[in-house]
Number of protein chains: 2
Amino acid sequence: MDIRSFLAHTFLFHSFTDKETDLLTASTSLKKVSKGEQIFSEGLEATAFFIVVSGKVKIYKLSPDGKEYTLHIHGPGEPVAEAAIFDSMTYPASCTALEDATLVRISREGFLDLIKKYPELSLKIMSGYSKRLRQFVAKIEELTVKDMKSRLARYLLENSVVENGKTVCHLTHSKKELSSLLGTIPETFSRTLAFFKQQKLVTENDNTIVIPDPKKLKLFSD
Amino acid sequence: MDIRSFLAHTFLFHSFTDKETDLLTASTSLKKVSKGEQIFSEGLEATAFFIVVSGKVKIYKLSPDGKEYTLHIHGPGEPVAEAAIFDSMTYPASCTALEDATLVRISREGFLDLIKKYPELSLKIMSGYSKRLRQFVAKIEELTVKDMKSRLARYLLENSVVENGKTVCHLTHSKKELSSLLGTIPETFSRTLAFFKQQKLVTENDNTIVIPDPKKLKLFSD
DNA sequence: CGTTGCGTTGATCTCTATCAAAAAAGGTGG
DNA sequence: CCACCTTTTTTGATAGAGATCAACGCAACG
């Protein structure tokens, strides 16, 4: 695994230039942990933060009476404990691996030096955060607009292309998976698609949906 | 009210020197709004962000069919829309005052200049981003759990504190607002809470929910 | 062939939004 | 303090969307 190219694709650092990514990579190392292994503990000095490459880690706190509370579970691509680096000196919670995992470790000092030296970097990181937040807002919107017909219509239109004059959507996933992606179950998916077919809004041929009149279908997407 | 001294005590700026605070204050102005008044709207150019001085504001989105759902409620000391000013230039959601409120308005330009000059400031902003991101993840998890009883039970438990031996949840928002935050309408909220009361899982006194047996209530949160 | 998994169709049931209206809680002005 | 009005909260009845349960056709595959 190449740390450099991994970092270049994380949401935090994706807009870094090659040179900036090089500089950042210099402050990193790879950490492999086995299931159950401790990554850091509450109260210890926060000397680094991490980005999960593979596996899953759990952030938890111990209550006074010794019980543990899971705060978060982080998977591939997600930064871990970066808030501790940004605003305090100690880890506010503990972290262990839920499965065998590998992480990129980014040292606090190296990271802070970099930011102080190249203030544009922090703008890029913030922009990354900002985009990520917008994605989440969009996702929340999807979930709150809960009508199946809208969701399916929107999906078909957003994933359609024009091929020799016809608007078509190639279904790249099985219908079972699609149902799940759209937040429903296969039965409901099937019925909704059947409804569109019956209304002559779409026709289906060999896993390809043809949309004769996109504008008409669009009426259903809200 | 003195903007300068208020800013000096906010989370974002409390570690500023007097001189830095002066510079910042130069880019700000005070904005007073009455209950219900619009502060900014989705899609408009993000020319500034705000910090709540007093009152409460709500961040929300309108779905295509005109219904609104609340993303956040912000109170005194909290920054609002600071995420919007780094990338796409437009507000991703709208904001109105829930009560008469006063805000400090900080212009985008002035603030960006300041960040370039004082990189430590960006660390604080990034820390805020990181926390906000977690809130969204939690919110999405909330919404995908589609049963109202689970959502309310989870909310009550997550916002409860132990006071002289009793687990209680102080409702800090009106029930109408709470409904919106939980992704439902007041009627359903009221009924669900009534159900919990009838099952003796909770009692209510003056906007405070008492949870006699948190474990029992927890059974409903999944 | 039988088995297994996917996709479709049908019947039913649960949850919750909607519509309607009453009750409770806050103001506001006299 | 009271009458009046507005807003919030609660309760009731209804309807619609979608999940659930069940069954069947169909293709892939050993």
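Throughout, a chain's letter reflects where its sequence line sits, starting with A, and its residues are numbered from 1. Side chains are part of it too, since the values below use all heavy atoms of this structure and drop only hydrogens, waters and symmetry mates.
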inquiry  = So that I know where these two stand, are B:Phe196 and B:Phe220 an aromatic pair - ring centroids less than 6.0 Å apart?
reply    = yes

key: Phosphate OP1/OP2 of C:dC6 contacted by A:Lys176 side-chain N/O (<4.0 Å)   = yes

message = Does the Lys NZ or Arg CZ of B:Lys149 fall within the cation-pi geometry relative to B:Phe195 - under 6.0 Å from the ring centre and within 45° of the axis?
response = yes

query = Expressed in angstrom and rounded to an integer, what is the separation of B:Glu177 atom CD from D:dT7 atom C1'?
reply = 13 Å

message = Could you tell me how far apart B:Lys175 (NZ) and D:dT8 (C1') are, to the nearest whole angstrom?
response = 10 Å

query = Which whole-number value in Å describes the distance from A:Asp206 CG to D:dC26 C1'?
reply = 15 Å

message = Tell me which pairs pass side-chain hydrogen bond (donor to acceptor under 3.5 Å, both in side chains) where either residue lies in residues 150-162 of chain B, with sequence neighbours left out.
response = B:Asp147-B:Ser150

key: Whole-Å distance separating the CZ atom of B:Arg151 from the C1' atom of C:dT16   = 10 Å

query = Counting only non-hydrogen atoms, which of residues 180-199 of chain A are less than 4.0 Å from DNA chain C?
reply = A:Glu187, A:Ser190, A:Arg191, A:Ala194

request  = Figure out the CD/P separation between B:Glu204 and D:dT8, and round it to whole Å.
outcome  = 17 Å

inquiry  = For B:Glu99, is there an ion pair with B:Lys58 - N to carboxylate O distance below 4.0 angstrom?
reply    = no

request  = May I ask you to decide if B:Glu177's main-chain N or O and B:Ser174's side chain share a donor-acceptor pair within less than 3.5 Å?
outcome  = yes

Between P of C:dC15 and CZ of B:Phe220, the distance in whole Å = 11 Å

query = Looking at B:Phe49 versus B:Phe111, is the centre-to-centre ring distance below 6.0 Å?
reply = yes

task = Let me know the distance between CG of B:Asp147 and P of D:dT20, rounded to the nearest Å.
result = 11 Å

key: C:dT16 phosphate, OP1 or OP2, under 4.0 Å from B:Lys149 side-chain N/O   = no

